[in-house]
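Here is how names work: the chains are called A, B, and so on, in the same order as the sequence lines, proteins then strands, and each is numbered from 1.
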Amino acid sequence: MSSILLVNHVSKTYQSGSKSLTVLNDINFEIKPGSSVAIVGPSGSGKTTLLGLCAGLDGASSGNIILNGKSLDQLSEDERAAIRNQHVGFIFQSFNLLPTLTALENVMVPLELLGKKNVKPQALELLEKVGLGDRIHHYPAQLSGGEQQRVSIARAFANQPKILFADEPTGNLDEETGAVIENLIFNLNKESGTTLVMVTHDGELAQRTNRILKLKGGKLADDSQQNSNISNSH
Amino acid sequence: MQNISWLLKMAWRDSRKNRSRLFLFMSSIVLGIAALVAINSFGDNLTTQINSEAKELLGADVEIESRNPIPDSLRQFLSELNIEQSEELSFASMVYFPNTGGTRLVNIRAVEGDYPFYGQIVTTPKQAAEEFYLQNNALVDQSLMLQFNAKTGDSVKVGDLSFLIAGEVNKTPGQSAITTTVAPPVFIPLSQLESTGLLQTGSRINYKLYIKFPEGVNYTTFFKEKLEPRLEKEEVRYDDVEERKEELGDAYSDLTGFLNLTAFIALLLGCMGVASSVQVYVKEKVQSVAILRCLGASSSQGVWIYLIQIFFMGLIGSLIGAALGTVIQYYLPQLFKDFLPFEIELFISGFAILQGVVIGVITSVLFALFPLLQIRKISPLKVLRASFEPEQKDRMKYFVFFLVVLFIFGFSFSQLRDWQNALVFTIGLILSALILFGVGKLIIWLVRRYFPTGSSFVVRQGLANLYRPNNQTLILVITIGIGTALITTLLLSQDLLLNKVKMSSSANQPNMVLFDIQEHQVNELTEMTIADSLPVIQQVPIVTMRLASLKGRSVDELKNDTTTNIKNWVLNREYRVTYRDELIESETLIEGEFQGEVQNSNDSIFVSLDKGLSEDMKVDIGDPITFNVQGAMIKTYVGSIREIDWQRVQTNFLVLFPEGVLEEAPKFHVLLTRYEDVNQSAAYQQKIVKKFPNISIIDLDLILKTLDEVLGKISFIIQFMAFFSIITGIIVLIGSVSISKFQRIQEAVLLRTIGASKKQIIRINLMEYFFLGSIASLTGIFIALLATWALAYFSFETAFVPNFGGALVAYIAITGLTVLIGLMNSRSVVNKPPLEILRKEV
């Protein structure tokens, strides 16, 4: 497979009453498996919208997105959900853990959705890896922001995804905790050979990826390849 | 369905943090189910009891009944078959209690033989039932004894004869307290009846023969093969055990069916509460569902997780309801004691419990489906941005609505066994909910549109709370409103019925009827009446007759012809006919010409018929009818048709003859008068009964008292059932207050942080619940007024005079209760420091 993600002439327009608002306009790029890409740009430039479209959370108004060899615009919402479950991992700015589930259960969910049996040891191992072996029965409300994001990372890697989408993963964290989380993401990413697509405002964080896509006013303003060492830690 | 065990696991995990709230949702349906299970279980008990005690209820193997003396030939036939017989003659007559001077119209039952063959007449003292046949003794109904302060050993005068009261009757086979309230029985030996002098012209006597089959015969074969063919030939009615079972069974299924519907209303109200709470619950779950969708869960998996929670919640609620219902069932015999002709043996009905649980689960799931369907439409994109997305139209909602309506109709049909009534019930219920919904919406709109910006902060905040996001104003208006509507309709219609009777005897209308007056008594009675300063408003002669032929075809011929569609009652009944030369106030001529007099004996006789009778007889103007007037055949023609207002204390006649025909026929009279006060009436009645013991008197006071007593007993049961709806409304209120607690806390904390006092926050809450209670109860009262008007107009056919006093009491009570419960549930919002609450609740 030549690319894990192919974005082909993608536009997204929202209708608000009689007015239409174009958030993304004719975006084109391709991402190779195993690479890491940062999507940067000012607020309102369409970064999060683009991430949502790439992950199959929403449909493009025009153009085509091919994720892991499958054209998303041909699929129903439930079929896209199945693809997300099998091949995609997510890390969000606001963690988005299920509040009624413990840390361990949150990590188990993607595996259970895959129909796997006896998933507890795998989830435990992941939580150990992110340093939360002693907090597995805690509910999200009982964990700090950093801890919640670590659970979220463990969950994102649980189904061994081919591609990981991260939306401002350190945006809600203090600098020190943010740095720990960054390292965790990059290390795990390297270890598992996953492709990483990350939306961020943080220039330093973007610099750690192989490639930076810069959005401005809904258009792809810059696409720069760089030689960063993703295993490089602070 | 994918991966059931995972769905069950997720439903369980997700519920852990919401148990107390789910329990609150569930509690809304508990009372409805409890009421259903209690009534159905009790109904099963009744059926079993009727089946096992049918003979005791009849007192015999077969009861033969006729308006004429039982033919000797039939008695002979029964004797030849070795059938035991016991005869009873019953009729209405006055009795007089010499000790207190009281008089009352009662049901005289003159019996002989071994009646009852099964079961017993329960008396105090016990042996009185067996001994009273032997001498000049009477058994008097216990309520009558109480009313006239009579004791065993006192005397009671029946007709010309005084009887010693041997005991009081506590229970007779097949009779319930409610039937004895209307016609209290006095038993006397049949051998003494002749001496009372009450068997005179015009006496409406009911002849009964109770029979017992010889030992060892097969009941069904003996009855069907030997007895029934003969009874069919005789002009008698008969009731066998099976028929009695069926009659009683039908009567009680009507009763339990009606009560089940009121229980069902309580359940539906609870389910609306469930739907409303689930609506808020689902809104809070949007983010969780979006996360699950993001992680790869399908839209149906999202719905199933919460549907499973609701299913188990419904199941647990129904099981608790069933357990509570089983306890309530043990109190029902007390509630129904006046309506039951037997002591009931209680047992727990497994079928009723199963039925209650199944209905509980189905209704809670059906109603919860409305909000749950929204889950299908939750986009995974919500995890990235909580942007507003316009609500998408969901056709499934209409389908679910259709299922709900179908279920309501199906349930009401199963209870009412009549599709038209079931349809009226279903439409009525939906219409009430729609009115309440519409009024609720309208008021919220009006408040927003014409918001009283100039009013105080507390009032403005209280009003604004009615339309806060996630408000439950509409659902509370519906649940509390329907509960109020039920109770108020009940109170108002009870008033209506009593008023109707009172109004039937407004100024100058007669309010006392004297009947069974013999020809020779007329003059003296008239004089006595005038001497007592009572007006003789009407004095009506009555001649009894039967139908001989109709349009040239004999009654027998018509009876055998099944194609005529002529109603049986028309052919079989004894007609009580009067004659006069003019129509009276209660009659309106609608067809033909009224003939007041026959001049010549050779002239044709034109009679006037009641409209309903002419329809059931299938006759028109000019059709010939021949009457058998105590042996003499009189040929007449239909001359006119009248519409009669039956609702007055008045003598009205299905058939009216002109003057000049019946004057010489054996007849008796009825006299109508009007008394002004009860003492005058009592003194007059006493005189009449002493002088003419055969004359029976019915007065408005007696009718009112009896009606009041009967209505009181019935309304107590209905109030008991409506109570379930009201309590359910309160539980829904508690549930909705709790569910919006978090929002209220946030608001209260914010207000207190910026300096609002505890008192102000309490007053804001008070205002909100006051507005809510007022909207709900006033709308409920409005529906009740509408329903009572409809009842007055269509059913009772009387003028609608609303009882605004009663409505005001209902308004104050319901609004007060709403405010009280709202404030009690909001205590934790105001009584704790803001920080403590925030830490605990968030």
Is any side-chain heavy atom of [Y] closer than 4.5 Å to one of [X]?
X	Y	answer
B/Trp6	A/Met108	no
B/Pro380	A/Arg84	yes
A/Asp78	B/Ser299	yes
B/Gln301	A/Leu113	yes
B/Arg13	A/Thr102	no

Exercise for review: Decide if atom CZ of B/Phe399 counts as having more than 12 heavy atoms of other residues, nucleotides or ligands within a radius under 6.0 Å.
Suggested key: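 Incorrect, the count does not exceed 12.
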
**Study point:** Greater than 12 external heavy atoms within 6.0 Å of B/Phe451's CZ
**Key:**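 Yes, the 6.0 Å shell around CZ holds more than 12 heavy atoms from other groups.
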
Check your understanding: Is chain A contacted by the side chain of B/Arg16, its backbone, both, or neither, given a heavy-atom distance below 4.5 Å?
Key ->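 Contact with chain A: side chain only.
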
Exercise for review: With a 4.5 angstrom heavy-atom cut-off, could you sort out which part of B/Leu295 is near chain A: side chain, backbone, both or neither?
Suggested key: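 For B/Leu295, heavy atoms of backbone and side chain both lie under 4.5 Å from chain A.
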
Exercise for review: Sequence neighbours left out, what passes side-chain hydrogen bond (donor to acceptor under 3.5 Å, both in side chains) with A/Asn96? Give chain and number order.
Suggested key: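 Counting only residues at least two positions away or on another chain, A/Asn96 forms a side-chain hydrogen bond (donor to acceptor under 3.5 Å, both in side chains) with B/Gln287.
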
Practice item. Run the numbers on A/Leu57 and B/Cys294 for side chain to side chain contact (heavy atoms under 4.5 Å, CB included), then give the verdict. Key: CA-CA 7 Å; A/Leu57 297 178; B/Cys294 209; 3.5 Å; yes

Practice item. Enumerate the residue pairs fulfilling side chain to side chain donor-acceptor pair (under 3.5 Å) with a member in residues 114-124 of chain A, sequence neighbours excluded, ordered by first and then second residue. Key: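 Residue pairs with at least one partner in residues 114-124 of chain A: there are none.
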
Measuring from atom [atom1] of [X] to atom [atom2] of [Y], what distance do you get when rounded to the nearest 0.5 angstrom?
X	Y	atom1	atom2	result
B/Lys17	A/Leu101	NZ	CG	11.0 Å
B/Lys9	A/Glu105	NZ	CD	9.0 Å
B/Ile291	A/Ser94	CD1	OG	8.0 Å

Check your understanding: Which one of A/Gln86, A/Arg155, A/Glu168 has the most heavy-atom pairs closer than 4.5 Å to chain B?
Key ->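 Result: the option with the highest number of such pairs is A/Arg155.
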
**Study point:** Pick from A/Ala81, A/Pro99, A/Gly115 with the largest number of heavy-atom pairs that fall under 4.5 Å of chain B
**Key:**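 The candidate making the most pairs under 4.5 Å is A/Ala81.
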
**Study point:** Contact class of A/Ile83 relative to chain B, heavy atoms under 4.5 angstrom
**Key:**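 For A/Ile83, there is no contact with chain B at all, as no heavy atom is under 4.5 Å.
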
Review point. Does a salt bridge link B/Arg293 with A/Glu77, judged by any charged N lying under 4.0 Å from a carboxylate O?
Key: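 Salt bridge present between B/Arg293 and A/Glu77.
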
